[in-house]
Amino acid sequence: MENGDIPEDANEHCPGPQSDSAGKSDACEGCPNQQICATAPKGPDPDMVAIAERMATVKHKILVLSGKGGVGKSTFSAQLAFALAARDFQVGLLDIDICGPSIPKMLGLEGQEIHQSNLGWSPVYVESNLGVMSIGFMLPHPDEAVIWRGPRKNGLIKQFLKDVYWGELDFLIVDAPPGTSDEHISIVQCLDAANVDGAIIVTTPQQVSLIDVKKEVNFCKKVGVKVLGVVENMSGLSQPISNLKFMKITDNGEMKDVTEWISEYMKEKAPEMLNLIACSEVFDSSGGGALKVCNEMAVPFLGKVPLDPQLCKAAEEGRSCFADKDCVVSAPALQKIIDKLMETSGLSMTESNGV
Amino acid sequence: MVAIAERMATVKHKILVLSGKGGVGKSTFSAQLAFALAARDFQVGLLDIDICGPSIPKMLGLEGQEIHQSNLGWSPVYVESNLGVMSIGFMLPHPDEAVIWRGPRKNGLIKQFLKDVYWGELDFLIVDAPPGTSDEHISIVQCLDAANVDGAIIVTTPQQVSLIDVKKEVNFCKKVGVKVLGVVENMSGLSQPISNLKFMKITDNGEMKDVTEWISEYMKEKAPEMLNLIACSEVFDSSGGGALKMCNEMAVPFLGKVPLDPQLCKAAEEGRSCFADKDCVVSAPALQKIIDKLMETSGLSMTESNGV
């Protein structure tokens, strides 16, 4: 990489944009980048140096990725941040989903603003050991669409990494947007010098989602990021039977709500049913789900999280599911996944810095 | 742009399908919309511009198909004689390969799709976009500008994080001059026959024990009326008012709700139309109602079908 990456549209014998003869050699004639290569400064990008300095005080950097959108990546990132903070680690959460920044809402930080100090931009602190940065804090109108093309998004990501003062962190969790695009390439390039520990990939059991996981794993391999593991989210719906509504299809095809009647009926005739958990698969996983994909691609499978309306509620209200007694099915599942993550990636060796 | 306008001249109606947030069922909806319109004898084209995550080939049962070229241009892949599909998914040699492109290259491909694909006479071209408001969206709107997009349908779920992104999407449409034909609230509650549920009991030591068979017998004996019921769960809390409230606030049409239906998911994964599937008891009627409403509110019902 001494002479820089060869751009896609470069001429055949491109010497490399960082080479001394960039833009000036015979091979450069007619190349669309010729002008830029001849005049642009050479040598390491000073921004990269600044980024490396900022990241030097961060012990572990974890990317949270998903091939497909809507699989619960931001929900997972937020709950992972809460869990690690609850274990007394110093945690930072960086939201680089510029078009759809969900993180502020999920940490209960809507409407917060970013402050600047002489040290740089200050993250917004949920607790003293959990700081958050997101473009969401910079949008004057949350309903305003952020319609930016790639280069502008990349510029902001660079700025986040360069100008945010995180201080001493045990973990920096980076919540990416779904897919494999500009933002992902940028963040990996920027963090290249700073040693990303690896990436967690979140998926659902659906085949369309799993196809995109494979792409995501291949992306990681291509750019040299270790896959710490895959989480299968929305893995079945589990709810106390008392939370269900019951409908009866009448003779003329209408749906009639018979929930109250059924509730009384169960109390009288089938009381044992009242304490049961009703489970529905929702997304068919007969193909083997994420576990099978993990085996095929030789990456760790971290576990399953069920669809839990209480987790959705906690996420929408910006709360930790671990502090919520109603998250009966999801909180234990998430804890197990985080334990496994710490084990398999050797992160449990980290001693907490305390508060 | 001139070439694009020419291609689009033989297309009567162009509908964008958008979502602010990913994973809300936009491609599933686009695919089922395409099936429904084709079943009503319209000539339908479905264009998948989600370059990083092209779901459409799978959802139409067209995995592994290739694109052919003729002297007229690139030929869409036909599911039925009146339903043609184009997606980058057909161009990827290895479906597991990540498409890691920056914006300009993606825009180039979108332009090429619009310029080189020979659709012929179409009543409807449905354009399935990736989620968000980014390069691809700006490009497609710019490219289609001369060709008069009828409007956009926005798909969402009831969750607040999803609705926030819908507002952004509506504002995007206003900003670029695309009419919002309506909003669809997907995954609006889970409805299933009670016989499809499993039942678990939490034992004294905190373990989950599967008691489904026992319950099944129990219900047959002691509570037989329960066997025919539909169990409903809200899943995504919509106490905030859901998509309907948001539509009222933003003065855009609300097209309706589609419940989470495992049978619809299955049909989508197997590339089938839910309308032809007798198991899609809850989702197919809901989708038909939405499509009827769409045709009404956007004046599209004036279109006479070209027949086959």
Side-chain angles (χ1 to χ4, degrees), chain A residues 8 67-71 99-100 102 105 142-150 177-182 185 206-208 211-212 214-216 218-219 222 237-239 243-249 255 258 262 265-266 269-270 273 275-284 307 309 312-313 316, chain B residues 20-24 52-53 55 58 95-103 105 131-135 137-138 159-161 164-165 167-169 171-172 175 190-192 196-202 208 211 215 218-219 222-223 226 228-237 260 262 265-266 269:
Chain A
E8 274 163 20
K68 190 152 186 57
V71 298
C99 291
S102 311
K105 183 160 187 62
D143 299 346
E144 207 175 271
V146 178
I147 319 170
W148 291 3
R149 288 199 184 272
T180 49
S181 185
D182 282 306
I185 303 170
Q206 297 151 294
Q207 285 183 45
V208 281
I211 289 171
D212 287 349
K214 293 185 189 181
K215 292 186 193 203
E216 212 63 22
N218 285 329
F219 168 83
K222 199 163 178 171
L237 175 63
S238 292
Q239 283 196 291
N243 283 14
L244 297 177
K245 278 196 162 99
F246 294 96
M247 312 289 262
K248 186 180 151 107
I249 303 182
M255 295 271 258
V258 297
I262 284 293
Y265 191 92
M266 281 199 290
K269 299 208 175 178
M273 284 189 77
N275 296 328
L276 295 180
I277 308 278
C279 303
S280 169
E281 208 179 40
V282 185
F283 300 120
D284 177 58
L307 246 180
C312 297
K313 200 152 186 276
E316 301 219 314
Chain B
K21 191 151 184 58
V24 298
C52 292
S55 311
K58 183 159 187 66
D96 298 347
E97 207 175 86
V99 179
I100 318 172
W101 292 2
R102 288 199 185 271
R105 200 166 164 195
T133 50
S134 185
D135 283 306
H137 307 86
I138 303 171
Q159 297 150 297
Q160 285 182 47
V161 280
I164 288 171
D165 287 349
K167 292 186 191 182
K168 293 186 193 203
E169 213 65 21
N171 285 329
F172 168 81
K175 201 163 177 171
L190 175 63
S191 292
Q192 284 196 289
N196 283 13
L197 297 178
K198 278 196 162 99
F199 294 96
M200 311 289 261
K201 186 182 153 106
I202 303 183
M208 295 272 257
V211 296
I215 284 292
Y218 192 92
M219 279 199 289
K222 298 206 176 179
M226 285 190 75
N228 296 330
L229 295 180
I230 308 277
C232 302
S233 168
E234 206 177 39
V235 186
F236 300 121
D237 177 59
L260 246 180
C265 298
K266 200 150 186 273
E269 301 219 312

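When reading the values below, keep in mind they use all heavy atoms of this one structure, side chains included, and skip hydrogens, waters and symmetry mates. A, B, ... follow the sequence lines: proteins, then strands. Residue 1 opens every chain.
- The choice from B/Met226, B/Met219, B/Lys201 that makes the most heavy-atom pairs within less than 4.5 Å of chain A is B/Met226.
- For chain B, the nearby parts of A/Phe246 are the backbone and the side chain; heavy atoms of each come within less than 4.5 Å.
- Both the backbone and the side chain of B/Leu229 come within less than 4.5 Å of a heavy atom in chain A.
- The part of A/Cys312 that comes within reach of chain B is its side chain, from C-beta onward, which places non-hydrogen atoms under 4.5 angstrom from that chain.
- Your options are A/Ser280, A/Cys279, A/Pro309, A/Ser102, and the one with the most heavy-atom pairs under 4.5 Å with chain B is A/Cys279.
- When each of B/Asp165, B/Val211, B/Val24, B/Leu190 is checked for heavy-atom pairs under 4.5 Å with chain A, B/Leu190 comes out on top.
- For A/Gln239, the part lying near chain B is the side chain, with the backbone staying farther off; criterion is any non-hydrogen pair under 4.5 Å.
- Of the atoms belonging to A/Lys269, heavy atoms from both backbone and side chain fall under 4.5 Å from chain B.
- Only the side chain of B/Ile215 comes within contact range of chain A, with heavy atoms under 4.5 Å apart.
- Remark: the backbone N or O of B/Gln160 is paired with a side-chain donor or acceptor of A/Glu316 at under 3.5 angstrom.
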